Every structure is written in structure tokens, then in C-alpha cells.
Amino acid sequence: MRLLLFTPNPIKTSSSLYFLNSLRSNLTKRTLPTRRSFNPARMAIPPRSIASAPSCTTTSGRSNINIEEGLASKFWIKFRRESVFAMYTPFVISLASGTLKIDSFRHYISQDSHFLKSFAHAFELAEECADDDEAKLAISELRKGVLEELKMHNSFVQEWGIDPGKEGTINSATVKYTDFLLATASGKVEGVKGLGKLATPFERTKVAAYTLGAMTPCMRLYSFLGKELQAVLDPEEDGHPYKKWIDSYSSESFQASALQTEDLLDKLSISLTGEELDIIEKLYHQAMKLEIEFFLAQPIAQTTLAPLTKGHNPEEDRLVIFSDFDLTCTVVDSSAILAEIAILTAPKSDVVQPETQIARMSSADLRNTWGLLSGQYTEEYEQCIESIMPSAKVEFNYEALCKALEQLSDFERRANSRVIDSGVLKGLNLEDVKRAGERLILQDGCTGFFQKIVKNENLNTNVHVLSYCWCGDLIRSAFSTVDRTEFQETLRTIDKPLDLTVFLELNTYLGVHKCYFGGTPEALQCPQLHRLSMLQHASPRLSMAVTCLAGGMHNHDMPTRSRPGEQDVGEPPWLQQSHSLIGGLDALNIHANELIFEESISTGEIVKKVESPMDKAQAFNDILKNFSSDRKNLTVYIGDSVGDLLCLLQADIGIVVGSSASLRSVGSQYGVSFVPLFPGLVRKQKESDGESPNWKGLSGILYTVSSWSEIHAFILGW
């Protein structure tokens, strides 16, 4: 139990309001006998704008370069996920650790030289298109910087014996990237005429902006990687073979060039329309993905630590992923959600409750009771944490930590008993709980990671969620809903006209408030709905879902939205099938407490299963004991709080999400080391010296991450 609902958190407060306002709207529309205002300032759940925004903190825990807000900065933040995946590629980790084989580096230098020549030519074409003398001069200076970079590569050529007269074979990833750059710089972009046909200075400047949009990600990414790799260099080590490369890209001059490129992109984009800015965004994103593919295409001779699943043999290996739920997977703590539902659905004090219903407190009494419970919990939790802390730091001792956390476990059980005895969980409607779960905001990248890992047929994987949550139905609902973002983005790519009525119904159902299909209403009026199934580029699973969706739409069998006072008839079978094909995560094993419901109304009682750190540790061990011994287990635990500490340490790899002060203070006092994941991997890669990594629990080392993208990149890779 973590009663965060009335305890303001300076990091997470103001944000939960996006989710809670949506929840309130849906609950009050559906059924509630009363509607009242609720003071959101007292709820400690982070707003979407803060909670889901990619962190501007680097993986090594330092503040990243302070980039003034602009178009380039917005794109960098939006596609920060791709920068993480680039950093966690085997090539970059091996380069950072100094273990990259010289032949691999030679190959990289050869490919990068080919790329830089095209990069310089793209700058030349952009300069020709620029209409402003100042912009022309800036582009010219940037091109000179690329030529200097080529000179650095030539010094590597001489130092490592690469024959400059021998071109070597250009791999497909390099060709794909250079073709993309030169095509963009030549005006071969959707809706743009060829360079020779550009009649006005504005049209030519637009091509220059597009070109900078495709080139800026490379500059910013290398600037980012240079700083990250510089941070993990051992200052006392003189023999790092690739220090010159790292020093070059972390230098102030290269950082300045990256900023200059971004400033130029911002300037050239000022006069562009929203549609034209969308094109630049697509070019930027495509360039980021091509950078990752470029790094992945470099040959690696030695064994690498990332991705973790590389070399996984499903016949011999078993990967077991454990994860906490509240504030590890979610932006909102589940206790706050249940409190919100309880308060919003409670009767007013002047309303007479039917004798046939479970007697409930009024909304005002509930609010006061929740406040008292929360205050008492916070005060006693802090006292408990203080009481279990040793007077001085000790060496890592798991047994001593277990003994200390037994006291915290006793406290958590008492707190849960107080909640049950208070009656605050009485009268919750199961459908309200499920609806709240369906609308629950999960941490960016969390759902995508779980979807990819459970649907990977080449992995023998088990995923278990261990949670203090009072209601397992809430968790199951959160993970069982369709990934609407992926679905909508897929439908956006379909350029075939749709029946207008069906289109509007589909938009309404998915909660979309803008036209994703383009064109005029007349263009949408076409009966050939089966063309939806012609989405050839989609994955087979997604393509099947779209085909299924098209079949239902063709028959105009659209889901019916219930009006106020009417019963919700639910979804037709074809749409349920498309949901299961796209986003459901029913394969996750949920281990949590359960609210008891009678005729879909909660009694206020809880089936207690996971209440404390000791319960989580017991569940962790029981799960592993139930596996057969025919495969080798590799366990990963992902958590964020003191309640996860024992499991984090028992797992072969413990990964900490977020920055819980109590977790770090308790762990540190008991000798636990908290190591940022990327620097930790670089160090371990160096220590392994090309041998298979040895991951083992109870090492006293936990790895910290700032996002689920890092977890995804480390475990699964791109």
C-alpha cells in the first residue's frame, strides 16, 4: 500500500490531472447520482505533460546540453527514444568500453567516410537552395566542419593501417542512409518539385529546410553520444584505443556545430506551414532510425552484453521478467485511482441510500477519511523507514536487510487493515474500476516493451507483475486494452477513401478528434472498405487486425456507444478480435491483492496476497520454484520502491525505475550500489573481456534507468 493520493509530490503532482480529469468525466457521465467538484491540487498524480515527456537527463545522471526550445529541440525530445536505442547498440557499447575489435572499427571508419562524403554534398545542395546570405554562410561553415571530420577519419586511416586507396564495400545500411540524404537534398520529397523546377526562392528555401531536417539528427546524436561516452571514460586510464574518437565528438567545437545546425533548422522552418513542418518531423524521425540501422550494421566479433536476449536459445534458456506496477509501470498510483472512484461515486450526505445497496459513506466523509488515512500512513511510514536504518553504512548484507524489512512488512499489513476497517473501499462498481484501468496512463514505452517481449516467438519468456495494488482487476484492465496509439498511427497511413459515416464512427470509437485519413468528405465516400486490408507494410499481426477491422466496417457493424441512461452494449466480435490481435497483454501473470465483489459491487474487503516486501520476495521465490529444471533461468526484476528492494536484489539483474529517495537511502545504508545502467554495462563489458556475461543475483548492485526505453534497448534491442 502506498497512499500517495493526498501527499503532494513536487515531481509527480500537477500531472495526474490529465488522467484523473478523464476518469472523472467518464465516471460522472455514466451513472453517478451526484456530480461535484473535486480538488485536484490535493491529488499527487503527475500530469501527462510532465510524466510522459522524455527526460532531458542523460543516462549517466547528468543534465544534458541546455538546448533553447525550438523545432529541433522538440524533435530531439520527441524522438529521444531512438537516441537511447542507438546508444545501447553492441557497436557503441563495445566502442565505449574499448573492447571493440580493431577490424570492426576499421570497417566503421570506412563506412562513415562514405557517409560523410554524402553528408558534405547534402550541405552543398542545401547551400545552393538557401535564399538568405546568412543561411548560406552558416551552411558553408557546417560543410567545412564535415570536411574537417573527414580529415580526422583520414588520420584514423593512417593510424590503423587502412588503405585510403581501397574503397571497400559499402554496406546496405550506409547506402540506404546516403540515398535518403541525397534524395532529400535534391528535392525528392513528397509534394516537392525537383531542384531544376523550383521557381521561387521560397520553394528552394523549403528544400534547404527539409535537408537540414534530415541532417540535424546525425549532428545531435553524435554530440549526445560523444558526451555520454566521455562520461564513462576512466580518467586514470590512458590506454583507451578509441579515446581520440570520443574526444572529438564530445569536444566543445562539435557541440557548437550541433547547436548551429539546430539553430539553422529552426530559422529555415519559421515560414513553413504545419503540413511542411510535419514533413520535416518525418524526415527527422527517419534519419534517427537510419542512424540506429547504421550502427547495427557494423560487424561485431566479440560477445556483447546488449541486447540481453542476443544468443537466447528457447530450447535451453528461460527469461523471467518481474515488474512492479504502481509508479513502475504507471504514472498514477493505484490507491489514488481507487480513492478517486470511491469519492466520485459516493452519495451526497443528503441523499437517502436504498436499503438494498451496500451502505456507503458520503462523499464528504470519504474525502476526510482518505485524508486521515493518507496522513497517518505517510507519518508512520517515515517513522518506520527511520527506525530500520542502521546508524552507519554497512557492507552489503541481504539477511540483515530482510530482517529490517520485516518491520516495514508489519507496518504495511497494519495500514491495509486500517483501510479495510474504515470502509472506504465499499461500494465500488467493478465496471468503473475496469474503465479506470483501461484509461490508465502507463509510463512511455512500458506497454511496447511488454508487447514485444511476450509476442516474440523466438524467446522463451515469462512475465510476472508483482504489486501491492488492492485490486488486480485494475491491473488486468490496464494491460488488456488495445494499444490505440499504434492502431491509430497504422490507420493514418491508409490513403484509400472510406465511407464517411463509418469513418466518423471509427474516429468516435477510438477517441480521435481529428481527421486521420485526409481528403474531403466527398473523397471519403467510397464503399470499397476492404482496401483497409491492403496495408502491406504492417506487421502480420497488425495487418490481420486491420483486415478484421475492415470486415466489420464493411458490414457497418460498428460498436454502439451507449447514451446516458442506456445500457452499454459493448463491442461486436470483430472488434474484440482486432483488439486481441493488436494490443492485449493477457499473457502477463498478475500477482496482486483482490477486491471482493458481490454482484459487481465491492464489499470493502480485500483478498490479501501481496501486501509487503516479504510477500513480494515470497511470490518471487515461489514462481521460480514452479519452473522445471530443464532450462537455465535468467531473471530480471524492474521496480521503483523499498517494497521492491528484496526482489531487485534477488534477481540476476535488478533495474530501478525513477528516483525514490527512500529506496536509495535504505539501499545505500545496507551496502547496495546504485549504478546507472549504461555506464554499468560499459564497465561490465570491459570486465568480461569478450566472454559470456555472468549475471548473478545478490551481488548488491542495482542498475538505474530514466525510462523504459533503456530497459527495452538493453533487453531486446532495436
Side-chain angles (χ1 to χ4, degrees), residues 4-5 12 14-32 35 38 40 43-53 325-345 425 428-448 450-451 465 467 469-489 506-514 559-564 568-571 575-576 578-580 582-586 588 590 592 595 600 602 708:
L4 302 181
L5 38 154
K12 295 193 162 140
S14 82
S15 155
S16 49
L17 305 191
Y18 175 89
F19 168 77
L20 289 176
N21 287 334
S22 172
L23 174 60
R24 291 174 198 128
S25 175
N26 282 286
L27 287 175
T28 52
K29 280 179 184 176
R30 190 181 78 81
T31 153
L32 309 185
R35 290 191 63 172
F38 184 72
M43 300 298 293
I45 312 163
R48 179 67 172 171
S49 59
I50 296 173
S52 64
F325 183 67
D326 286 326
L327 304 183
T328 295
C329 295
T330 71
V331 175
V332 183
D333 190 277
S334 63
S335 62
I337 301 170
L338 295 173
E340 184 79 353
I341 295 172
I343 293 170
L344 282 171
T345 59
L425 295 176
L428 301 186
N429 188 300
L430 178 58
E431 290 306 310
D432 287 340
V433 172
K434 289 182 177 180
R435 287 169 188 262
E438 291 169 0
R439 291 163 176 79
L440 183 60
I441 300 172
L442 300 183
Q443 298 279 1
D444 282 351
C446 171
T447 303
F450 284 129
Q451 284 176 334
V465 176
S467 175
C469 178
W470 293 319
C471 184
D473 289 304
L474 184 73
I475 302 176
R476 285 184 283 274
S477 297
F479 282 126
S480 65
T481 53
V482 64
D483 186 346
R484 286 180 173 83
T485 301
E486 179 185 359
F487 200 31
Q488 291 163 4
E489 288 301 315
L506 178 64
N507 266 3
T508 301
Y509 180 76
L510 291 176
V512 184
H513 302 296
K514 59 185 285 191
T560 303
R561 283 292 198 187
S562 58
R563 296 179 175 84
D568 193 334
V569 297
E571 302 169 349
L575 190 56
Q576 294 175 7
S578 70
H579 282 200
S580 64
I582 298 174
L585 283 171
D586 297 326
L588 270 61
I590 309 301
L595 274 178
S600 297
S602 65
W708 276 85

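One is the number of the first residue; the rest follow in order along the sequence. This is a predicted model, so every value here is computed, not measured.
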Where is the tightest heavy-atom contact between [X] and [Y], given as atom of each residue plus distance?
| X | Y | answer |
| --- | --- | --- |
| A342 | L428 | CA-CD2, 3.5 Å |
| D432 | T345 | OD2-CG2, 3.7 Å |
| G445 | W708 | C-CB, 3.8 Å |

Report summary line: The side-chain contact (heavy atoms from CB on, under 4.5 Å) partners of T330 (sequence neighbours excluded) come to F325, D326, L327, L440, L442
Query - Results of side-chain contact (heavy atoms from CB on, under 4.5 Å) for A592 - residues two or more places apart only - result: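 Partners of A592 by the side-chain contact (heavy atoms from CB on, under 4.5 Å) criterion, ordered by chain and then number, come out as S467, I475, I590.
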Query raised in the report: Atom CG of N429 and atom CZ of R435: how far apart are they, to the nearest 0.5 Å?
Result: 8.5 Å
Query - Reported CZ-to-CD distance for the pair F479 and E438, which is rounded to 0.5 angstrom - result: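 Atom-to-atom, F479:CZ and E438:CD are 14.0 Å apart.
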Query - Worked verdict on C469 versus L474 for side chain to side chain contact (heavy atoms under 4.5 Å, CB included) - result: CA-CA 8 Å; C469 178; L474 184 73; 4.2 Å; yes
**Report entry** Side-chain heavy-atom pair S335, W470 within 4.5 angstrom cut-off
**Finding:** yes
Report task. For residues L338 and C471, determine if any side-chain heavy atom of one lies less than 4.5 Å from a side-chain heavy atom of the other. Result ->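 With C-beta onward as the side chain, the pair touches.
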Query raised in the report: So, the side chain of S477 versus the backbone of G437: is there a donor-acceptor pair under 3.5 Å, distance only?
Result: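 Here the side-chain-to-backbone pair does not exist.
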